[in-house]
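I have placed the structure first, in the form of structure tokens, so that the comments after it can refer back to it.
Everything numeric here is computed off the predicted structure, so don't read it as measured data.
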Amino acid sequence: MMNEEQYIKSKLSGKNPFRVPDGYFDNLTANVMQQLPESPRQSLVVRMRPWLYAAACFVAVLFTAAVYLYSPDDAANRPVATNNVTMSDSYIDEAADFVMADNNDIYACLTTEY
């Protein structure tokens with residue numbers, strides 16, 4: 001290991017092994033700019049992007065206003081269609097058997113205030 005390090009140090013002898021040709025950086029910027037292509041025409045999507053953003057914001061504002069202006073109180077004041085349904089005692093017994101509720105459970109549900 002020491003022999004390899006000594007060999008490398010003797011070969012390099014503190015010099016930088018990487019070199020740049022003379023005058024390389026003098027015209028580098030101009031050469032790179034010449035090799036760049038001309039600016040391409042923008043596509044329709046790129047040109048319409050600000051209008052699409054504005055339309056999306058407008059739709060978002062309309063949606064927000066519609067949600068805000070809709071009041072649950074309006075829904076409470078609307079007439080509700082009522083159907084008079086008659087249930088027989090056998091239906092209630094079947095439902096109580098299905099949920100496995102006894103009389104105490106039914107009484108507890110009826111008296112609990114929500």
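- Listed by chain and number, the hydrophobic cluster partners of Tyr24 are Val20, Phe25, Leu28, Val32, where partners are ILVMFWY side chains within reach of under 4.5 Å, directly or through others.
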- prompt: Given the rule in the side-chain contact (heavy atoms from CB on, under 4.5 Å) test, do Ile8 and Glu5 qualify, once you have shown the distances and angles that lead to the verdict?
  reply: CA-CA 5 Å; Ile8 292 172; Glu5 288 181 23; 5.9 Å; no
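- A 6.0 Å sphere centred on CG of Asn31 holds more than 12 heavy atoms belonging to other residues, nucleotides or ligands.
- A distance of 14.0 Å separates CG of Asn27 from CE of Met33, quoted to the nearest 0.5 Å.
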In a table with atom names and distances, give each donor-acceptor pair under 3.5 Å that connects a side chain of residues 46-64 to protein atoms at least two apart or in another chain.
{"unit_1": "Arg47", "atom_1": "NE", "unit_2": "Gln42", "atom_2": "O", "d": "3.4"}
{"unit_1": "Thr64", "atom_1": "OG1", "unit_2": "Ala60", "atom_2": "O", "d": "2.8"}

